[in-house]
Each structure stands twice: as C-alpha cells, then as structure tokens.
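For reference, the structure is listed below as structure tokens.
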Amino acid sequence: MGLTMIEKILARKAGLETVSVGDTVVVDVDMTVLIDMQFSNQWMRPYRIHDPDKVAIVMDHAVPAPTIRDAAGGPHARKFAADFGIERFYDVGQHGICHQVIAENGLARPGEILACTDSHTCAAGAFNTAARGLGPAEIYSIMCTGSTWFQIAPTIRYEFAGVKPAVVSGKDIFLYIANCYGDAANANLEYGGSGLEGIPMHDRRTIATQGAEVSADFSTFGVDAVLQDYLDSHGVTNYVAAEPDPDANYHAVRRIELGTLEPYVARPGTVSRNGLPVSQLEGQKIDQAFIGSCANGQLEDLEIAAEVLRGHSVAAGVRLLVTPASQAVYREAMRRGYLQDIADAGAVVTNSTCGACFGYHMGVVGPGEVCITSSTRNFTGRMGSSEAEIFMASPATVAASAITGYVTDARTVLS
C-alpha cells in the first residue's frame, strides 16, 4: 500500500522506507521557530542548541510590547539570538505574525518538517511542509536535539474539482468543509485534485492555517505550478517535494465541487458544523469587525478589503480594525494604496501583530458585543469577553458588514 503526502515526509525524515497508521517515528526537524512569548514566559536559557541555521525567532504575538512582562522578554530574545548566532531573527521593525514571516522568508519548504509553539503552524502545510504546533517544552527539546517524534495518524484527502467563483475565498472553502464534515481530531488533512490550480497561494494558506480549528494534526497541499511559481519567487530551491502514491491509503476521500460554493459564515462558539451561507444570516447586528491574523492578514486580503471599502464608510457605531500580517505586508499595502482606502473608509489600521486575534491587545471586545472576524477562531472568550459573540467570515464579508453594520454578503455591496 502506498503513502500519503504526510506519511512520505515523516518516513523520509525518519530514515524509513515506509510507515503505517499508528507507527511512532522519530524524525529530524528542518526548522524550529520560536516566538516572543517563549522569552517572556518562564524563559530558560539552554546551554547549547543543535543547529542555529535550523532556528528562527519571530517577534509576533505582543509587538510592540503591551506589558512590562512582554517588554522583559525582548532582551532575552535578542541576547539569545546574538549568543548562539541565530541569523533568522525578525525583531520589532522586521516582525510580523510568525506564519506570515515564515511564508515570505522561505522558511517552509516542500518535503520538510517545521515546528513552532503556535497552534496555527499548520499554515506552512500550504508549501507541502509537514508543519505542526507543539508545546513549549517540546520546541525547547527540538531546539536542543534537532529531532522529535510523531505518531502516524490516518489521512483525509479533499479533492477539489471545478472552478471556484471569484467571490469565494479560501476562508469560505474552509468554513464550508468545517460545516459539512466537522472535526478532524487525530487525523491529517491532504488537499489536491484538478480544481487546485484555480486556488491561489493566499487562499491555500488560509485553508491550511485553519486546519487547527478542526483539530487536524497536519494540513498539507501538494506541489503544482502555482506553488512552484511562489517558491521560485521567494528563492526556495533544492527541495524534495512529497506527492502521494497512486495507491495511498486514506481514511476518507471527499470531493468538493468548487463551483457550487458561496460565501460562508461560522456562528459563535465553533466552526465545526456551525456554519451557513452568509445570505442566510444577513441582518445580524455587529459592533466590531476585524480583518487580520495569520489566516487573513495577507496582502491579497487587504486588497480585497480595500476593494469592498473603497467609496464607502464604516457604519456609525461599528469599529473596523485591520491588522496586516507582517511589516512587509504593511509596507506593500501602503505603497499600493490599500491602507489609504481602508483608512479613508473609517477603519483603524494597526501594527502587525497577533494582537486582537487572541484577545490580547489592539482591539479586545467587551461584554455583550458582537464581532465579525476574518481571524482564526470564534471560540467563546477568544477575542476578549466571554460574554461577547464572535462570527467568522472572509475579509470581503467582514468589510461589507462593517459598511452596513450587519452581517452582509459582499456581493450586495460590490454590485
């Protein structure tokens, strides 16, 4: 029996010819990413690390530092990078949400393994990388030893067919899948099919990122012309891609007809089996709208937001917050005029950080408020008060809702 994408990567990195579901394998890790909060929360300096070329540090969750504790972590990170010769250090000014920084700096490579403490590390699966969020203790161990272990989980494959409508985004595709099939705990997700060529990289990254919300172990795409072009433009070469064998053994194969999809929204609490087309929820009042995060703070997301907002104003009583996913995204969006259009509509453009997404700073919601977000989670208490409600949708839907003050299908605004 052949191997799936993720089985091929893990087998190769474990030095094995084959693996089976249930096997435990010890693998070499190609890139370990540390984030700022590791240095501000009970940081212990190691005596040595395995390979400084396989470690990166990204200041992302609490940047610029909103608390004294966060501020105290910065010097730890800078000294650690200097003492151990870690060249891939993205300090304040070159910072951004770690998964965006990973993407734009070519740290995620096809056929390789990437680890980070953040749960949305699966975002790098868009690059045919076996990427997974692990606990701080395990990341510390990998940093020092260069290896870790995984148990081989069963794989669910999604076969994309047809062509998605222009208004449908990666967020909409994910919310549709989550609503139809629910959680994928203790399983890997693999994406392919003839329709994949019509899904651009920013949408693939959104889909891969959100694998965490259905509790998947890994969330991985194959290498095709679209990904190859992206890798070439970012100087990523000399990789060994992992494609599934024709006789790979899947737990399930599910076909998604892209042409039938429409904009989706997830209701508060969870994305699993809790969504519906935006057109069926219109009229829900909102207080705050948020566009950003590792899932939807990309340059293309800001372009979409600017297109929807251009010539409109944010509704009275509504706060629209927009957070570019990195300083690089911020600068390019500024050069292209997207930030001007967004700000002219009455939105607040913030610094590049995880901030509002995890309810830490830059836009916490209060008791009784309703927020519509394009970020990663709509869990109770995620973005602030446990008495707030969080709806999740695409950047286009969020921008349109900010204009009207109610959950709104962007097609009604654009028309």
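No hydrogens, no waters, no symmetry mates; every other heavy atom, side chains included, goes into these values.
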Checking the side chain of Arg12 only, and the main-chain atoms of Val240 only, is there a donor and an acceptor separated by less than 3.5 Å?
yes

Show, in sequence, the C-alpha distance, side-chain angles and deciding distance for Lys8 and Asp245, and conclude whether the salt bridge (charged side-chain N to carboxylate O under 4.0 Å, His left out) test is met.
CA-CA 9 Å; Lys8 276 197 173 179; Asp245 291 324; 2.8 Å; yes

Please report the shortest heavy-atom distance between Ala123 and His99, naming the atom on each side.
CB-CB, 4.0 Å

Treating Asp287 as the side-chain partner and Arg319 as the backbone partner, does any N or O pair qualify as donor plus acceptor under 3.5 Å?
no

Just checking, is any N or O donor in the side chain of Thr397 or Ser394 under 3.5 Å from an acceptor N or O on the other one?
yes

Test side-chain hydrogen bond (donor to acceptor under 3.5 Å, both in side chains) on Glu190 and Tyr250 and set out the steps.
CA-CA 10 Å; Glu190 180 179 296; Tyr250 294 103; 2.4 Å; yes

Could you go step by step and tell me if Arg204 and Asp224 meet the salt bridge (charged side-chain N to carboxylate O under 4.0 Å, His left out) rule?
CA-CA 12 Å; Arg204 299 183 193 192; Asp224 61 359; 2.8 Å; yes

The reported gap from CG in Asp341 to CG in Leu302 (rounded to nearest 0.5 angstrom) is 11.5 Å

Heavy atoms only: give me the nearest Asp203-Ile199 pair and the separation to one decimal.
CB-CG2, 3.7 Å

With a 6.0 Å cut-off (strictly less than), is the heavy-atom count around CZ of Arg335, excluding the residue itself, greater than 12?
yes

If the test is ring pair (Phe, Tyr, Trp, His ring centres under 6.0 Å), which one of Tyr230, Phe221, Tyr239 qualifies with Phe127?
Tyr230

Where do Val19 and Ala11 come nearest, in terms of heavy atoms and distance?
CG1-CB, 3.8 Å

CG/Asn179 to OG/Ser272 distance, rounded to the nearest 0.5 angstrom?
9.0 Å

Should the ring pair Tyr191 and Tyr158 be called parallel, tilted or perpendicular, given that the plane angle runs from 0 to 90° and is split at 30 and 60?
parallel

Do the side chains of Arg377 and Glu213 get close enough for a salt bridge, i.e. N-O under 4.0 angstrom?
yes

Does one side chain, of Gln284 or Arg267, offer a donor that lies under 3.5 Å from an acceptor on the other?
no

Stepwise side-chain contact (heavy atoms from CB on, under 4.5 Å) check, Thr408 with Val278
CA-CA 7 Å; Thr408 299; Val278 175; 5.9 Å; no

Would you find a donor on one side and an acceptor on the other, under 3.5 Å apart, between the side chain of Asn378 and the backbone of Phe391?
no

If only atom types and distance count, is the side chain of Thr145 paired as donor or acceptor with the main-chain N or O of Ser141 below 3.5 Å?
yes

Could you check whether any side-chain N or O of Arg109 sits under 3.5 Å from a backbone N or O of Leu114, counting only pairs where one atom can act as donor and the other as acceptor?
no

Asp183 bridged to Arg273 by N-O distance under 4.0 Å
no

What's the spacing between Leu299 CG and Glu104 CD if we round to 0.5 Å?
10.0 Å

Once rounded to the nearest 0.5 Å, what's the spacing between atom CD1 of Ile57 and atom NE2 of His76?
12.5 Å

Near Asp229 CG, under 6.0 Å, is it more than 12 heavy atoms from other residues, nucleotides or ligands?
yes

When every non-hydrogen atom of Gly93 is compared with those of His95, the smallest separation belongs to N-ND1, 3.0 Å

Polar side-chain atom of Glu243 near backbone of Val223 as donor-acceptor pair, under 3.5 Å:
yes

Taking Val21 as the fixed residue, which of His251, Glu7, Gln151 is the one that meets the side chain to side chain contact (heavy atoms under 4.5 Å, CB included) rule?
Glu7

So, Thr4 side chain and Thr155 main chain: donor-acceptor pair closer than 3.5 Å or not?
no

Side chains of Thr148 and Glu138: is there a donor and an acceptor less than 3.5 Å apart?
yes

Could you measure the distance from the OG1 atom of Thr121 to the CE atom of Met31? Nearest 0.5 Å is fine.
13.0 Å

Without hydrogens or angle criteria, can the side chains of Asp232 and Gln228 be said to hold a donor-acceptor pair below 3.5 Å?
no

Are any of the side-chain nitrogens in Glu262 or Arg411 under 4.0 Å away from the carboxylate oxygens of its partner?
yes

Side chains of Ser326 and Ser352: do they bring a donor and an acceptor to under 3.5 Å?
no

Where is the tightest heavy-atom contact between His61 and His361, given as atom of each residue plus distance?
O-NE2, 3.6 Å

Would you please classify the geometry between the Trp43 ring and the Tyr140 ring as parallel, tilted or perpendicular, with 30° and 60° separating the classes?
perpendicular

Heavy atoms only: give me the nearest Leu134-Ile139 pair and the separation to one decimal.
O-CG1, 3.9 Å

Main-chain N/O of Val329 paired to Glu332 side chain as donor or acceptor, under 3.5 Å
no

Any salt bridge linking Lys171 with Asp301? Criterion: basic side-chain nitrogen under 4.0 Å from a carboxylate oxygen.
no

Under a 3.5 Å cutoff, is there a donor and acceptor pairing between the side chains of Asn296 and Ser293?
no

Does any non-hydrogen side-chain atom of His202 lie less than 4.5 Å from one of Arg205?
no

Test side chain to side chain contact (heavy atoms under 4.5 Å, CB included), reference Ile286, set Thr404, Ile372, Leu320, output is Ile372

Between Asp409 and Ser279, is any side-chain donor less than 3.5 angstrom from a side-chain acceptor?
no

Using modelled atom types only, decide if a donor and an acceptor are shared between the side chain of Asp51 and the backbone of Asp53 within a distance under 3.5 Å.
yes

Taking CD in Glu257 as the centre, count heavy atoms belonging to other residues, nucleotides or ligands within less than 6.0 Å. Is the count above 12?
yes

Quick one: pull up OH in Tyr176 and CG in Leu258 and give me the separation to the nearest 0.5 Å.
10.0 Å

So Tyr264 and Phe174, ring-ring contact (aromatic ring centres under 6.0 Å, His included) or not? Walk me through it.
CA-CA 9 Å; Tyr264 250 70; Phe174 165 75; over 10 Å; no

Salt bridge (charged side-chain N to carboxylate O under 4.0 Å, His left out) between Lys13 and Asp28: does it pass, once the steps are laid out?
CA-CA 6 Å; Lys13 292 300 177 178; Asp28 293 331; over 6 Å; no

For Ala266, does its backbone N or O pair with a side-chain atom of Asn274 as donor and acceptor, under 3.5 Å?
no

